[in-house]
Q: 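I have a structure here, written as structure tokens, and I will follow up with some questions on it.
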Amino acid sequence: MNLNMYCARINNRFRELWEYKIFRIAIIWHLIYFLLSIVLTLNFFRYQTDFRVYFMAGEVFLHNINDLYTFDFTCPFRYLPISAALFVPFFLMGFDLGFIIFNIFNLILNIFICLVLYKIIILIRKEDHEKDNKKVIFYICIFLMGLPQLYNYILGQINLYVTFLLLVSLYIFLIHKSLKWDLFSSFILGISIIIKPSLFLLIPFLLVFQIDFKKSKINFDFFRSLIRITGVLAPTFFNIIFFFLYPPLLEGFLDTNLTGDNPIAQSFSFSISQLIINFYYFYNIPFNQIFILVGVIGIIGGFGFLIFIFRRFEDNSIIFSYVIGILIMLLAYFDSWDHHLLNLIPILIIIIFNLPKHSKNKSSIIYSLFFFSFFSLMFSGIWMITFQVFPYNFIPTLFLFIVFYGISKYWLLKEKQIDMES
């Protein structure tokens, strides 16, 4: 297919999609988000955005990398050293141009995310769903219109880079079953982790490990599991070079993310760890944030891993592995913000289509999807008004638990009525 034919095909497809009212609304709505973010950030929030931290991190990486975790940023730089290198070009552009170009990349990434999301849905959609694509387009439009998109644009965040790599790796896992593709898809997932370590707790769920009570046997593919873990960890090893060449970086990274004062600041994060910390702050009780973090990860992560190994089916189970890993990270780590939901929402959309049409667990996931898309951010604003008397942004946490429960129930228990229908 030559370039002209390819462009004509894209143009025809866009015209077809434009016939859908929800698609027209989503495109206009999303472009308003994009333009509004540029106006608001460059005129009002330029010193309060995450992009400013990235921008300054690019400068520090270029001029004095040892100060990457000790420099007086507006808020701490929590990422691995190699991710700071990605922002050097934006620093060289200057803040205004750098922010605009960065968000143009985010806009383009949203287009590619929607394309990959569409391909995955068509690939995994259960047979009892409608054969036309109206609902597929509807849910992809919900992703584009969700308030986390605006929040991500205004902050100049990098969640869409992570989401794109996450979906690409998932798509490769689903269409290819050979070891070389397992290595490649795991490597892509590993790149997303070095950009932003928010998916680190997803790694154990890449294991090919299942205990089948019904057949009284253990299914464990050691070599395939080793290939996947090697692939996902390989990109992070590049950071070891920086830690070796610049010893202060390792101490600074651990201090910023785990042991120092930064992880324990009071905030509207909706993770369980942060809710516990806010409780201790409110009643002026001494605490150790490492004990809290390890305890929460141990309980939530341990429960999630048990569900993973005792799952009742293997077909497309990698989708559920991804969502369980993301949920555990959002529930456990100190910083869980609404813009992180851009990593979760596309996977929830995929699961909606992978569940049987009349699944009893489907409605709770749909309600949660709409909550995360349009209402969760509102509770962060409420926290800012009420935190002096009630410092708990717990409503998003409840919806994360609802999703966790619904997926766990479907993964473990057979829906007899639904199975007969499908």
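Keep in mind it's a predicted model, so treat the numbers as computed, not measured. Just so you know, residue 1 is the first one in the sequence shown, and it goes up from there.
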Q: For Y367, look at atom OH and say whether over 12 heavy atoms of other residues, nucleotides or ligands are found less than 6.0 Å away.
A: no
Q: Are Y280 and F282 close enough, and set up right, to give a ring-ring contact (aromatic ring centres under 6.0 Å, His included), and what steps lead you there?
A: CA-CA 5 Å; Y280 282 122; F282 189 69; over 10 Å; no
Q: Applying ring pair (Phe, Tyr, Trp, His ring centres under 6.0 Å) between F23 and each of F138, F14, Y118, report the one that passes.
A: F14
Q: Could you check if a side-chain atom of F253 sits within less than 4.5 angstrom of a side-chain atom of Y79, using non-hydrogen atoms only?
A: no
Q: Heavy atoms only: give me the nearest I194-I191 pair and the separation to one decimal.
A: CG1-O, 3.0 Å
Q: Could you pull out the closest heavy-atom pair between P148 and D338, with the gap in Å?
A: CB-O, 3.5 Å
Q: NZ of K21: more than 12 outside heavy atoms within 6.0 angstrom?
A: no
Q: Do K131 and R125 have side-chain heavy atoms sitting under 4.5 Å apart?
A: no
Q: Rounded to the nearest 0.5 Å, how far does CD1 of I229 lie from CG of L207?
A: 4.5 Å
Q: Atom CD1 in I407, atom CD1 in I347: separation rounded to 0.5 Å?
A: 10.0 Å
Q: Enter the distance from I395:CD1 to L400:CG here, rounded to the nearest 0.5 Å.
A: 11.5 Å
Q: The test is side chain to side chain contact (heavy atoms under 4.5 Å, CB included); show your working for F404 and S408 and say whether it passes.
A: CA-CA 6 Å; F404 193 93; S408 300; 3.7 Å; yes
Q: Indicate, with yes or no, if the rings of F379 and W383 have centres closer together than 6.0 Å.
A: no
Q: What's the spacing between S336 OG and I272 CD1 if we round to 0.5 Å?
A: 9.5 Å
Q: Taking all non-hydrogen atoms of both residues into account, name the closest pair between F242 and L249 and its distance.
A: O-CD1, 3.8 Å
Q: Tell me whether F184 at atom CZ has more than 12 heavy atoms from other residues, nucleotides or ligands lying less than 6.0 Å away.
A: no
Q: Looking at side-chain heavy atoms only, is the closest gap between L342 and F143 below 4.5 Å?
A: yes
Q: Given W337, which of Y151, F270, F268 fulfils the ring pair (Phe, Tyr, Trp, His ring centres under 6.0 Å) condition?
A: F268
Q: For F390, does the CZ atom sit with more than 12 other heavy atoms under 6.0 Å from it, leaving out its own atoms?
A: yes
Q: Could you check whether Q274 and N278, counting side-chain N and O atoms only, form a donor-acceptor pair closer than 3.5 Å?
A: yes
Q: Give me the atom names and distance for the closest heavy-atom approach of N159 to H339.
A: ND2-ND1, 2.8 Å
Q: Between E19 and R24, does at least one N-O distance fall below 4.0 Å, as a salt bridge requires?
A: no
Q: Using side-chain heavy atoms (C-beta onward) and a distance below 4.5 Å, is M145 in contact with S373?
A: no
Q: If we ignore hydrogens and angles and just use 3.5 Å, is the side chain of N288 paired with the main-chain N or O of F291 as donor and acceptor?
A: yes
Q: Could you pull out the closest heavy-atom pair between A332 and L293, with the gap in Å?
A: O-CD1, 3.5 Å
Q: Looking at side-chain heavy atoms only, is the closest gap between D182 and R224 below 4.5 Å?
A: yes
Q: Side-chain donor-acceptor pair under 3.5 Å between Y54 and Q157, yes or no?
A: yes
Q: Hey, could you give me the CG/CG distance between L167 and L174, rounded to the nearest 0.5 Å?
A: 10.5 Å
Q: Does atom CZ of R13 have more than 12 heavy-atom neighbours, drawn from other residues, nucleotides or ligands, at distances under 6.0 Å?
A: yes
Q: Does a sphere of radius 6.0 Å around CZ in F370 hold more than 12 heavy atoms from other residues, nucleotides or ligands, not counting ones at 6.0 Å or beyond?
A: yes
Q: Determine the minimum heavy-atom distance between S380 and N393, stating which atoms define it.
A: OG-ND2, 3.6 Å
Q: Is the positively charged end of R52 above the ring of F73, judged by distance under 6.0 angstrom from the centroid and angle within 45° of the axis?
A: no
Q: For a quick check under 3.5 Å, do N361 and Y405 share a side-chain donor-acceptor pair by atom type?
A: no
Q: So, K126 and N354: side-chain donor and acceptor under 3.5 Å apart, yes or no?
A: no
Q: Run the ring-centre check on F401 versus F399 and record whether the distance is less than 6.0 Å.
A: no
Q: So, D335 versus S269: side-chain donor-acceptor pair below 3.5 Å or not?
A: no
Q: Cation-pi check for F209 against R228: NZ or CZ below 6.0 Å from the six-membered ring centre and within 45 degrees of the axis, yes or no?
A: no
Q: Using the ring of each side chain (for Trp, its six-membered ring), is F102 parallel, tilted or perpendicular to F90, with breaks at 30° and 60°?
A: perpendicular
Q: Can a salt bridge be assigned to the pair R46 and D96 using a cut-off of 4.0 Å between side-chain N and carboxylate O?
A: yes
Q: Is the terminal nitrogen or CZ of R311 (NZ for Lys, CZ for Arg) located under 6.0 angstrom from the six-membered ring centre of F308 and within 45° of that ring's axis?
A: yes
Q: Between the side chain of N43 and the main-chain N/O of V39, is any donor-acceptor distance below 3.5 Å?
A: yes
Q: Mark yes when over 12 heavy atoms from residues, nucleotides or ligands other than Q388 sit less than 6.0 Å from its CD; otherwise mark no.
A: no
Q: Measure centre to centre between the rings of F243 and F238, then say whether the value is under 6.0 Å.
A: no
Q: If you take the centroid of each ring, where Trp contributes its six-membered ring, are F51 and F95 closer together than 6.0 Å?
A: yes
Q: Would you say I158 and Y161 make side-chain contact, with heavy atoms under 4.5 Å?
A: yes
Q: Using side-chain heavy atoms (C-beta onward) and a distance below 4.5 Å, is I326 in contact with L166?
A: yes
Q: Given S169 and Y322, is the side chain to side chain donor-acceptor pair (under 3.5 Å) satisfied, shown in steps?
A: CA-CA 10 Å; S169 69; Y322 270 48; 2.8 Å; yes
Q: Might you confirm whether atom CZ of F374 has over 12 heavy atoms from other residues, nucleotides or ligands at distances under 6.0 Å?
A: yes
Q: Measure from the ring center of F77 to the ring center of F71 and say whether it is less than 6.0 Å.
A: no
Q: Is there a side-chain contact between F279 and I285 in this structure, where contact means two heavy atoms from C-beta onward sitting under 4.5 Å apart?
A: yes
Q: Measuring from atom OH of Y20 to atom SG of C141, what distance do you get when rounded to the nearest 0.5 angstrom?
A: 10.5 Å
Q: Testing N110, N106, T41, N103 one by one against Y153 for a side-chain hydrogen bond (donor to acceptor under 3.5 Å, both in side chains), which residue passes?
A: N110
